[in-house]
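Written below as structure tokens is the structure these notes are about.
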Amino acid sequence: MNVNPSTGSPWYVQDDTADYTLNRWSKGNQVGSNFQVEAVTSLPVTFAGQYASLYSPVDLTIPDGVKAYTGELNAAGTRFNLTELSGTIPHNTGVILELEDDFASMDDADKTKTFAIANTTTDGTSDLSGKIAATTVSASSVLVLGKSDNNWGLYTYSGTELGGFKAYMDMPSSGVKGFAFSFGTPTAISDTQVAGSLNGAAYNLAGQRVAKPSRGLYIVGGRKMVVR
């Protein structure tokens, strides 16, 4: 992109010649014209469920009806704690977003939230990272937001293509394969282990003892276990 020195208006050159009075480029017999540059003032996010992830290169203002959380993995790599942000999402910081209203009862139009670009440059800390553009990763090398057995959390991504503006986390060195939201409360995510067999008393998430657990999430010895 170049700028008309007399008017300050933008113009683009692909090759050979350019007529900045018309914002026009030309190459051989091909001509393109009327390019227009507009300032971006907001970022729309359309939720596909109760939660979403986000990574932005600029600070964003958290809109009404949305909560945003940064995440921190503990030293052992067995627990992922979420911290709610207030007002602004820092640039280059992966976050988890939560709708305050029930997703299933919302109109489609209300599932898109507009995040205004803030006039700040805030440094943030989160073990969630991301990319602006789509990127390629090795299979099973990162955790992404999703659902397993109807439980929201961060789970192993078996694919290799990640979309831009999405947050993800590198696979913990502890070997934990996923983190599930604890009891539906998005203030902390506890480690989840996949169990082939359960040794000891098992309880469901309502605190009821289960004699013969089937597929699902259970508490055994104070830890969450997934039976698949």
Exercise for the section: Considering non-hydrogen atoms only, spot the tightest contact between K166 and Y55 and give its length. Expected result: O-CB, 3.9 Å
Handout entry: Nearest-0.5 Å distance, CG of residue L143 to CG of residue L73
Key = 9.0 Å
Fill in the blank from the handout: Between K147 and the options N150, D149, N151, the side chain to side chain donor-acceptor pair (under 3.5 Å) test singles out N150
Less than 3.5 Å apart, which donor and acceptor atoms pair up between the side chains of residues 113-123 and the rest of the protein, not counting sequence neighbours?
residue: K113; atom: NZ; partner: D110; partner atom: O; Å: 3.4
residue: T120; atom: OG1; partner: D59; partner atom: OD2; Å: 2.6
residue: T122; atom: OG1; partner: D59; partner atom: OD2; Å: 2.7

Handout entry: Pairs satisfying side-chain hydrogen bond (donor to acceptor under 3.5 Å, both in side chains), at least one member in residues 134-144, at least two apart
Key = T136-E161
Problem - K131 and F165: CA distance, side-chain angles, deciding distance, side-chain contact (heavy atoms from CB on, under 4.5 Å) verdict - result: CA-CA 6 Å; K131 300 288 185 181; F165 291 89; over 6 Å; no
Practice task
With sequence neighbours excluded, tell me which residues meet side-chain contact (heavy atoms from CB on, under 4.5 Å) with A76.
Solution key: N74, T78
For residues 40-50, dump all side-chain donor-acceptor pairs below 3.5 Å to protein atoms at least two apart in sequence or in another chain.
residue: T46; atom: OG1; partner: T112; partner atom: OG1; Å: 2.8
residue: Q50; atom: OE1; partner: F103; partner atom: N; Å: 2.7
residue: Q50; atom: NE2; partner: L99; partner atom: O; Å: 2.8
residue: Q50; atom: NE2; partner: D101; partner atom: O; Å: 2.7

Completion exercise
Between N92 and P57 the two heavy atoms that sit nearest each other are OD1-CA, 3.4 Å
Problem - hydrophobic_cluster_shared for F179 and W152, side chain cutoff 4.5 Å - result: yes
Exercise for the section: Taking side-chain contact (heavy atoms from CB on, under 4.5 Å) as the test, write out the residues that go with A167, two or more places apart. Expected result: S53, L128
Problem - side-chain contact (heavy atoms from CB on, under 4.5 Å) evaluation trace for M171 with T156 - result: CA-CA 8 Å; M171 187 67 68; T156 302; 3.6 Å; yes
Handout entry: Side-chain touch T61/I89, heavy atoms, less than 4.5 angstrom
Key = no
Exercise for the section: Heavy atoms only: give me the nearest P172-G77 pair and the separation to one decimal. Expected result: CB-O, 4.1 Å
Practice task
Might you point out which heavy atoms bring A180 and Y155 nearest each other, and give the distance in Å?
Solution key: CB-OH, 3.5 Å
Exercise for the section: Report yes if some heavy atom in the side chain of L154 is under 4.5 Å from a heavy atom in the side chain of L145; otherwise report no. Expected result: yes
Handout entry: Donor-acceptor contact present, side-chain T160 to main-chain A139, <3.5 Å
Key = no
Exercise for the section: Can you sort out the partners of E72 under side-chain contact (heavy atoms from CB on, under 4.5 Å), two or more places apart, ordered by chain and number? Expected result: D127
Exercise for the section: Determine, using the 4.5 Å side-chain heavy-atom cutoff (strictly less than), whether L97 and V144 are members of one ILVMFWY cluster. Expected result: no
Handout entry: pair T70-L82: side-chain heavy atoms closer than 4.5 Å
Key = no
Handout entry: Worked verdict on T88 versus L60 for side-chain contact (heavy atoms from CB on, under 4.5 Å)
Key = CA-CA 6 Å; T88 302; L60 298 173; over 6 Å; no
Practice task
Specify the closest pair of heavy atoms between K111 and M106, including all atoms of both residues, with the distance to one decimal.
Solution key: CE-O, 3.4 Å
Handout entry: Heavy-atom closest contact (G71 atom, F80 atom, distance)
Key = CA-CZ, 3.3 Å
Practice task
Please report the C-alpha distance between Y69 and T83 in whole Å, then the side-chain angles of each, then the deciding distance to 0.1 Å, and finally whether the side-chain contact (heavy atoms from CB on, under 4.5 Å) criterion is met.
Solution key: CA-CA 5 Å; Y69 306 89; T83 300; over 6 Å; no
